[in-house]
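Below: the structure, in structure tokens.
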Amino acid sequence: MILVYADHDRGVVDPLTFQALTFARNIDSDVHAVLIGGASTGLNPISAAAELGEYGAQVVVIADISGYADYAPLAAARVLVERLVATGATTLIAASSPRGNEVLAHVAAITDRPFTADCYRITAGEPHKIVRARWAGNLEEDVDVYSDVLIATVFPHSTQASTHPAPGIIQEITATVSERDLSVQVLKRVGAATGGVTLPEAKVIVSGGRGMGGPEGFGILEEIAGALGGAVGCTRVVTSAGWRPHSEQVGQTGTKVAPDLYLACGISGATQHLAGCKNSKTLIAINSDPDATIMSHADYIIVGDVAQILPLVLQEIHAALSVTHTS
Amino acid sequence: MDIAVCVKRVPLVGSTFILNDDSMSIDTSRIGATLSPHEENAVEAAVRLIEAHGGSITLFSVGSAESLEQLREQLAIGADRAVLIETDGAEVDSQAAAAMLAQAINQDATSFDLILLGSESVDSGGYQTGIRISHALGLPVVTNVKGLSCEQGTATCERAVGTSREVYEVNLPAVITVLDGLNIPRYPSVPGRIKARKKPIDQVTITIPAPTSVRTSLRVPVSTSKGATNLGSGQEAAKALIDVFKQIGVMQ
Ligand SMILES: Cc1cc2nc3c(=O)[nH]c(=O)nc-3n(C[C@H](O)[C@H](O)[C@H](O)COP(=O)(O)OP(=O)(O)OC[C@H]3O[C@@H](n4cnc5c(N)ncnc54)[C@H](O)[C@@H]3O)c2cc1C
Ligand SMILES: Nc1ncnc2c1ncn2[C@@H]1O[C@H](COP(=O)(O)O)[C@@H](O)[C@H]1O
């Protein structure tokens with residue numbers, strides 16, 4: 001039996017969890033999902049369990065921890081440790097997200113077991129044969145992991161989430177943890193959402209690199225992103241120069257994204273940048289250098305100066321949208 | 001306040017990865033080395049805290065003697081001393097590295113108020129060393145931190161989620177793991193480099209725990225070079241682009 005830690009943010013299940021469920025199902029069909037936090041977290045047990053059931057969860061454990069308000073990683077880990085013992089599960093899986101990795105690393109530390117992050121494939125056994133990402137996916141490693149219970153996370157977007165309806169039977173449990181286990185928890189949130197789409201959820205990302213020339217160059221990227229209902233992304237050169245906030249950085253040390261469209265403007269395509277966007281469904285590059293690395297990773301390319309091409313693109317978008325609106 | 005920062009030497013890989021013939025490691029014979037990126041931010045955060053509150057910075061690293069190069073560089077930036085837990089350079093998995101670092105930190109004469117690490121190392125991507133150290137030392141841990149301030153024995157940490165930030169507070173002593181974007185690391189100054197030559201580096205050995213993860217092979221994933229379609233130039237390219245947008249369904 002496999003346990004999957006199902007992360008949720010104030011009741012909204014992280015979409016990467018559906019990839020983790022799909023991944024887990026391929027190892028063992030007896031998948032149980034674990035959601036942490038009762039009503040105070042904003043979780044709706046019925047709809048969350050239905051969603052997880054859609055992706056193959058036979059059972060959905062909902063653990064209500066007294067004093068758990070929003071997210072407290074160590075408290076969540078304690079519940080998973082208890083569940084591993086109670087169920088005799090041999091594998092614990094989560095998405096490789098900041099929270100998935102954090103909670104599972106706590107479980108591994110508490111139980112003194114190995115923790116294997118960013119997995120592509122797992123063949124359980126003695127040892128477990130695992131294929132995982134190194135260097136943010138620029139390398140692949142075969143590794144033998146020795147552990148009675150395998151604790152592992154799934155590399156984002158390496159498995160496509162697919163539905164596989166299962167009962168998703170709700171099993172509510174209450175858990176008590178020590179005050180210490182709750183001492184590190186989200187106290188509040190600042191810099192409230194700007195209302196725009198966030199990078200991980202955006203279907204369209206219009207991204208700029210050094211070739212945009214400066215912070216003012218990003219105005220047109222914002223306009224194009226706005227017109228397509230997307231978000232703006234950028235490279236590390238751009239965040240290091242202070243042109244854009246780090247929250248927009250795509251790549252190895254930024255966000256890893258997989259939108260329907262990734263429009264890379266004035267970006268060379270360094271491996272560290274590609275690590276964050278190579279799973280995009282369609283990658284289009286606009287670059288003045290036909291030999292830039294990004295060009296050989298793109299589906300479509302335009303060779304040219306962004307300062308000339310992008311205004312024309314925006315003009316064409318407006319023209320196309322106004323036709324749709326008037327017709 | 002006394003701060004420990006755990007840093008790791010990693011190969012400075014350019015645009016392509018070249019592996020050794022045994023497919024077990026990166027060919028580092030023609031490339032340099034650097035610190036794993038988030039750790040530069042950890043050192044910078046430590047230097048800023050010391051500038052504001054006074055205190056000391058000690059670097060800890062598990063690695064080969066070649067790591068002295070990276071330790072000197074960070075001493076030049078403002079750390080006071082370093083402890084190198086010396087190995088033959090063969091890979092040490094995150095679980096073992098964490099145990100060794102915890103032991104070295106624990107047996108150090110200084111008792112640290114704050115232990116800083118990267119959230120994940122660029123080469124291993126283990127996402128666990130800081131958390132393991134916190135358990136070994138019985139300290140709280142906050143991870144993925146992109147905003148940090150310390151006042152009166154409490155650290156306030158911010159962590160980015162979507163477009164907003166989560167706020168955590170933790171009493172010191174604590175372990176905090178940080179991310180690129182926390183700050184912009186400074187470069188060492190010439191006087192900094194000169195001072196660094198005289199700063200102490202202890203070289204110690206600690207038995208490496210038996211590995212629980214053993215590499216059997218390493219490879220460069222098959223490139224997905226797609227043979228891109230060139231959309232032309234000027235107005236024609238802009239029009240063709242809109243057609244592609246419609247075709248892939250991102251525009252009506
Ligand atoms: C450990 C580590 C982690 C890293 N993590 C990340 C990460 O998470 N994300 C990331 O992005 N980078 C990361 N980097 C940095 C990465 O290696 C590159 O330096 C960076 O991605 C390059 O950014 P760029 O493409 O904007 O700039 P450049 O490489 O300078 O490329 C600029 C491109 O713009 C083109 N150009 C210039 N002018 C024009 C014009 N007028 N019109 C059209 N095209 C033009 C040029 O031909 C060139 O291809 C990391 C590096 C390291 C060492
Ligand atoms: N060999 C090492 N020496 C010193 N610090 C390390 C070492 N390995 C990992 N770390 C620290 O732990 C962080 C996370 O590493 P990891 O858990 O392996 O992804 C790194 O960013 C470093 O700060």
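Below, each value reflects all heavy atoms present in this structure, side chains not excepted, and no hydrogens, waters or symmetry copies. Every chain is numbered from 1, with letters handed out A, B, ... down the list of sequences.
- Interface residue B:Ala237: backbone and side-chain heavy atoms are both found under 4.5 Å from chain A.
- For a residue to count as touching a neighbouring chain, one of its non-hydrogen atoms must lie under 4.5 Å from one of that chain's; by this rule A:Gln272 touches chain B with the side chain only.
- Two residues are said to be in side-chain contact when any heavy atoms from C-beta on lie closer than 4.5 Å; B:Asn230 and A:Val303 meet this criterion.
- Options B:Glu158, B:Glu166, B:Met251 differ in how many heavy-atom pairs under 4.5 Å they form with chain A, and the most are formed by B:Glu166.
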(request) Kindly determine whether B:Ser124 and A:Arg134 satisfy side chain to side chain contact (heavy atoms under 4.5 Å, CB included), including the steps that lead there. (result) CA-CA 6 Å; B:Ser124 327; A:Arg134 296 294 295 245; 3.7 Å; yes
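- Between B:Gly125 and A:Ala117, the closest heavy-atom pair is O-CB, 3.6 Å.
- When side chains are defined from C-beta on, B:Val250 does not count as touching A:Lys203, because their heavy atoms never get closer than 4.5 Å.
- Residues A:Ile317 and B:Phe245 have side chains in contact (heavy-atom distance under 4.5 Å, counting atoms from C-beta outward).
- For a residue to count as touching a neighbouring chain, one of its non-hydrogen atoms must lie under 4.5 Å from one of that chain's; by this rule A:Val313 touches chain B with backbone and side chain alike.
- For A:Asp112, the parts lying under 4.5 angstrom from a heavy atom of chain B are both the backbone and the side chain.
- Between B:Tyr168 and A:Val186, some side-chain heavy-atom pair lies under the 4.5 Å cut-off.
- The backbone N or O of A:Leu187 lies less than 3.5 Å from no partner atom in the side chain of B:Glu169, so there is not a single donor-acceptor pair.
- With a 4.5 angstrom heavy-atom cutoff, A:Pro200 does not touch chain B via any of its atoms.
- Looking only at side-chain heavy atoms (C-beta outward), A:Leu74 and B:His135 come within less than 4.5 Å of each other.
- Residue A:Asp118 touches chain B through its side chain alone, counting heavy-atom pairs closer than 4.5 Å.
- Across every non-hydrogen atom of B:Lys246 and A:Ala320, the tightest pair is NZ-CB, 4.0 Å.
- Remark: side-chain polar atoms of B:Thr216 are paired, donor with acceptor, to backbone N or O of A:Asp142 under 3.5 angstrom.
- For a residue to count as touching a neighbouring chain, one of its non-hydrogen atoms must lie under 4.5 Å from one of that chain's; by this rule A:Thr253 touches chain B with backbone and side chain alike.
- The contact between A:Ala108 and chain B is made by backbone and side chain atoms together, counting heavy-atom distances below 4.5 Å.
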(request) Please assess A:Tyr300 against B:Leu241 for the test side chain to side chain contact (heavy atoms under 4.5 Å, CB included), listing each intermediate value before the final yes or no. (result) CA-CA 9 Å; A:Tyr300 300 93; B:Leu241 191 60; 5.7 Å; no
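- Between chain A and the residues B:Ile133, B:Thr16, B:Asn171, B:Leu231, the largest count of heavy-atom pairs under 4.5 Å involves B:Leu231.
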(message) Evaluate A:Leu139 against B:Leu19 for side chain to side chain contact (heavy atoms under 4.5 Å, CB included), listing each step before the verdict.
(response) CA-CA 10 Å; A:Leu139 292 179; B:Leu19 301 182; 4.2 Å; yes
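- With contacts defined as side-chain heavy-atom distances shorter than 4.5 Å, the pair A:Thr271/B:Val13 does not qualify.
- Closest non-hydrogen pair, A:Ile302 versus B:Gly232, comes out as CG2-O, 3.6 Å.
- Contact of B:Pro209 with chain A is not made at all, since no heavy-atom distance falls under 4.5 Å.
- Neither the backbone nor the side chain of B:Glu236 comes within contact range of chain A, judged by heavy atoms closer than 4.5 Å.
- At a 4.5 Å heavy-atom cutoff, the contact between B:Asp180 and chain A is made by backbone and side-chain atoms alike.
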(message) Checking B:Arg219 against A:Val131 for the side chain to side chain contact (heavy atoms under 4.5 Å, CB included) test, could you report, in this order, the C-alpha distance in whole Å, the side-chain angles of both residues, the deciding distance, and whether it holds?
(response) CA-CA 11 Å; B:Arg219 64 187 158 270; A:Val131 183; 3.6 Å; yes
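- Proximity to chain A is limited to the side chain of B:Val244, based on heavy atoms less than 4.5 angstrom apart.
- To the nearest 0.5 Å, atoms CZ (A:Phe115) and OG1 (B:Thr129) are separated by 10.5 Å.
- Looking at heavy atoms from C-beta onward, B:Leu218 lies out of side-chain contact with A:Trp135 at the 4.5 angstrom threshold.
- In plain terms, the two heavy atoms of A:Pro114 and B:Ser213 that are nearest each other are CB-OG, 4.3 Å.
- Across all non-hydrogen atoms, the minimal contact from A:Met295 to B:Ala228 is O-CB, 3.7 Å.
- In this structure, chain A has heavy atoms under 4.5 Å from both the backbone and the side chain of B:Val122.
- With a threshold of 4.5 angstrom between heavy atoms, B:Leu182 does not approach chain A through any atom at all.
- The heavy-atom pair separating B:Gly234 from A:Ile309 by the smallest distance is N-CD1, 3.8 Å.
- Heavy atoms of A:Leu263 lying under 4.5 Å from chain B belong exclusively to its side chain.
- Neither the backbone nor the side chain of A:Glu248 comes within contact range of chain B; no heavy atom of the residue lies under 4.5 Å from a heavy atom of that chain.
- The closest side-chain heavy-atom distance from A:Thr153 to B:Tyr127 is not below 4.5 Å.
- Contacts of A:Arg113 with chain B are made by backbone atoms alone, with heavy-atom separations under 4.5 Å and no side-chain atom involved.
- Rounding to the nearest 0.5 angstrom, the gap separating the OG1 atom in B:Thr143 from the CD atom in A:Glu102 is 3.5 Å.
- Residue contact with chain A, scored on non-hydrogen atoms closer than 4.5 Å, involves the side chain of B:Ile26 exclusively.
- Using a 4.5 Å cut-off between heavy atoms, A:Ile284 touches chain B through its side chain atoms alone.
- In terms of non-hydrogen atom pairs under 4.5 Å with chain A, the most contact-rich of B:Gln128, B:Met24, B:His38 is B:Gln128.
- Residue A:Gln308 does not touch chain B at all, counting heavy-atom pairs closer than 4.5 Å.
- A:Ala270 does not touch chain B: none of its heavy atoms, backbone or side chain, sits under 4.5 Å away.
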